[in-house]
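As structure tokens, the structure follows; a few thoughts come after it.
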2 protein chains.
Amino acid sequence: MTEGSKRRLKLWIRLLGVTRRAENELREYLRVTHDTTLPRFDVMAALYRRRENMTMSDLSRMLLVSNGNATVVVDRLEKDGLARRTPSETDRRTVFVGLTPEGLAAFESLAAGHEAEVARIFARLGDEDVDAMTEILKRAERDE
Amino acid sequence: MTEGSKRRLKLWIRLLGVTRRAENELREYLRVTHDTTLPRFDVMAALYRRRENMTMSDLSRMLLVSNGNATVVVDRLEKDGLARRTPSETDRRTVFVGLTPEGLAAFESLAAGHEAEVARIFARLGDEDVDAMTEILKRAERDE
DNA sequence: GGAAATTACTTCAAGCTTAAATTTTTAAGC
DNA sequence: GCTTAAAAATTTAAGCTTGAAGTAATTTCC
């Protein structure tokens, strides 16, 4: 294979390593301090970020997971009283999802600790590295 | 929260997005073209990379997954005749894992296509970005 | 050299995830 | 308007993943 593809493979291996490590630490943090999981946190964060007119499809597209996955995670949040489904009145195929007041409060009590934990995980990186990497990732995402 | 933690949170969100997208594309590639999965590929790649004296513990540490996970993925590869366990003769707790000749051949027939697919996924990134990001990721990994 | 701690691996239960199939509803093309 | 296609969500089966518990072997250290 070409020179360029080898460099990209090396990048991918490191990227995966750093991401997995960070996920493992965040999972541990959420489990120990808040008795919850990464996928539940991700769903709640998405629902917190966009409070209105979020459909199940929007949610799965936003989180880059399958529809079936979104369904079951929302099922569990709903069972715990943290999320709520509301059928659309104009399109009977569509279901809107949102946080309940309890879900909103639960997320807000998680958010600051989560942010601090992310900061701790990437503390080793200087501010310039953080910004440089964010910019590179933006370029990597262009459409895709 | 502080300015720095917000920047790191933004970085983390982008990092997760790019990684998930790449994983989804690679998973699709492996499924469609080789009828296999990411975790199986990862295990085979690790066993290919280090051919000698790889224990189950080494494997799970290397892949950043739990011991139980390594056990079941190796179980499946073994069932398909691609991997093989060999008990250590000096420590009866330890099990070495390795690719069978079939596993070796299977991995070799996958590797080039996988590398090309990774290159395709990150084609949007220029060579300088690729190298810069690799260096930043190295700095992020220092011990951790 | 024997008790206690540690290490390596597996098993288990629960939850996560995908891809495909299914159901229901809406949109498109004639 | 009617047929066909497309879209939204759920269900299902299979596989992935974790964390904890369990088994067996080795090491530590008194």
Side-chain angles (χ1 to χ4, degrees), chain A residues 16 19-21 23-44 53-80 82-97, chain B residues 16 19-21 23-44 53-80 82-97:
Chain A
L16 201 52
T19 302
R20 287 228 178 117
R21 242 182 276 267
E23 277 187 325
N24 287 346
E25 298 197 42
L26 278 175
R27 176 183 299 116
E28 168 86 357
Y29 169 78
L30 290 174
R31 184 177 61 84
V32 170
T33 69
H34 291 91
D35 191 32
T36 190
T37 66
L38 273 175
R40 290 161 92 104
F41 181 87
D42 287 346
V43 167
M44 297 200 336
N53 302 322
M54 176 80 107
T55 68
M56 292 299 294
S57 293
D58 290 341
L59 184 61
S60 61
R61 264 192 297 273
M62 194 169 294
L63 299 180
L64 302 171
V65 299
S66 66
N67 284 349
N69 186 10
T71 293
V72 53
V73 176
V74 168
D75 281 351
R76 292 199 176 111
L77 288 176
E78 206 169 24
K79 195 156 56 97
D80 291 348
L82 301 175
R84 181 170 42 201
R85 284 176 167 94
T86 315
S88 162
E89 304 199 344
T90 61
D91 184 340
R92 295 203 301 200
R93 293 170 301 180
T94 299
V95 178
F96 294 112
V97 210
Chain B
L16 201 51
T19 303
R20 286 229 179 115
R21 242 181 277 267
E23 277 186 325
N24 288 345
E25 297 196 43
L26 278 176
R27 176 183 300 114
E28 168 86 358
Y29 168 79
L30 290 173
R31 184 178 60 84
V32 169
T33 68
H34 291 91
D35 190 32
T36 189
T37 67
L38 273 175
R40 291 160 93 104
F41 180 87
D42 287 346
V43 166
M44 295 197 342
N53 301 323
M54 175 80 106
T55 68
M56 291 300 293
S57 294
D58 290 342
L59 184 60
S60 60
R61 263 192 297 272
M62 194 169 294
L63 299 180
L64 301 172
V65 299
S66 66
N67 283 349
N69 185 11
T71 293
V72 54
V73 176
V74 169
D75 282 351
R76 294 201 174 107
L77 288 177
E78 206 169 23
K79 193 156 56 99
D80 291 348
L82 301 174
R84 180 170 44 200
R85 283 176 167 94
T86 314
S88 163
E89 304 200 344
T90 60
D91 184 339
R92 295 201 302 198
R93 294 169 303 178
T94 298
V95 178
F96 295 112
V97 209

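Since the structure is predicted, the reported quantities are computational estimates derived from the model, not experimental observations.
- The salt bridge (Lys or Arg N to Asp or Glu O under 4.0 Å) check on A:Arg84 picks up nothing, with sequence neighbours excluded.
- Across the protein-nucleic acid pair, B:Lys79 atom NZ and D:dA14 atom P stand 12 Å apart, rounded to whole Å.
- For DNA chain C, no neighbouring residue in residues 27-34 of chain A is found when judged by any heavy atom under 4.0 Å.
- The CD-C1' distance, from A:Glu89 to C:dT26, rounds to 17 Å in whole Å.
- Checked against salt bridge (Lys or Arg N to Asp or Glu O under 4.0 Å), A:Arg93 has the following partners two or more places apart in sequence or in another chain: A:Asp91.
- Checked against side chain to side chain donor-acceptor pair (under 3.5 Å), B:Thr55 has the following partners two or more places apart in sequence or in another chain: B:Asp58.
- Summarising the geometry, the separation between CD on A:Glu78 and P on C:dG15 is reported as 17 Å, rounded to the nearest angstrom.
- A rotation axis mapping the C1' atoms of four pairs onto the next four is fitted at both ends of the helix from C:dG1-D:dC30 to C:dC30-D:dG1 over five pairs, and the angle between these axes is 30° to 10 degrees.
- In this structure A:Thr86 satisfies the side chain to side chain donor-acceptor pair (under 3.5 Å) test with no other residue, sequence neighbours excluded.
- Taking only side-chain nitrogens and oxygens, B:Arg85 never comes nearer than 4.0 Å to OP1 or OP2 of C:dC9.
- As rounded to whole Å, 16 Å separates atom C1' of D:dG15 from atom CD of B:Glu23.
- Taking 4.5 Å as the limit, some side-chain heavy atom of A:Arg40 sits within range of a side-chain heavy atom of A:Asp80.
- The 5' end of DNA chain D is approached more closely, in terms of each residue's nearest nucleotide, by B:Val73 than by the other of B:Val73 and B:Thr90.
- Considering only residues two or more places apart in sequence or on other chains, A:Glu23 meets the salt bridge (Lys or Arg N to Asp or Glu O under 4.0 Å) condition with none of them.
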Could you write out each protein N or O paired with an N or O of nucleotides 3-8 of chain D at a distance under 3.5 Å?
| from | atom 1 | to | atom 2 | distance (Å) |
| --- | --- | --- | --- | --- |
| D:dA7 | N3 | A:Arg93 | NH1 | 3.2 |

Please output the side-chain donor-acceptor pairs of residues 62-71 of chain A that fall under 3.5 Å, not counting sequence neighbours, one pair per line with the distance.
| from | atom 1 | to | atom 2 | distance (Å) |
| --- | --- | --- | --- | --- |
| A:Ser66 | OG | A:Asn69 | N | 3.2 |
| A:Asn67 | OD1 | A:Ser60 | OG | 2.8 |
| A:Thr71 | OG1 | A:Asn67 | O | 3.2 |

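- The CZ atom of B:Arg92 sits 12 Å away from the P atom of D:dT27 (whole-angstrom rounding).
- Residues satisfying the side chain to side chain contact (heavy atoms under 4.5 Å, CB included) criterion with A:Phe41, sequence neighbours excluded, are A:Leu30, A:Ala45, A:Phe107, A:Leu110, A:His114.
- Using a 4.0 Å cut-off, no side-chain N or O of A:Arg76 falls inside it from OP1 or OP2 of C:dA14.
- By the side chain to side chain donor-acceptor pair (under 3.5 Å) test, B:Arg27 pairs with B:Asn24, sequence neighbours left out.
- In terms of the side chain to side chain donor-acceptor pair (under 3.5 Å) criterion, residue partners of B:Arg85 (sequence neighbours excluded) are, by chain and number, B:Asp75, B:Glu78.
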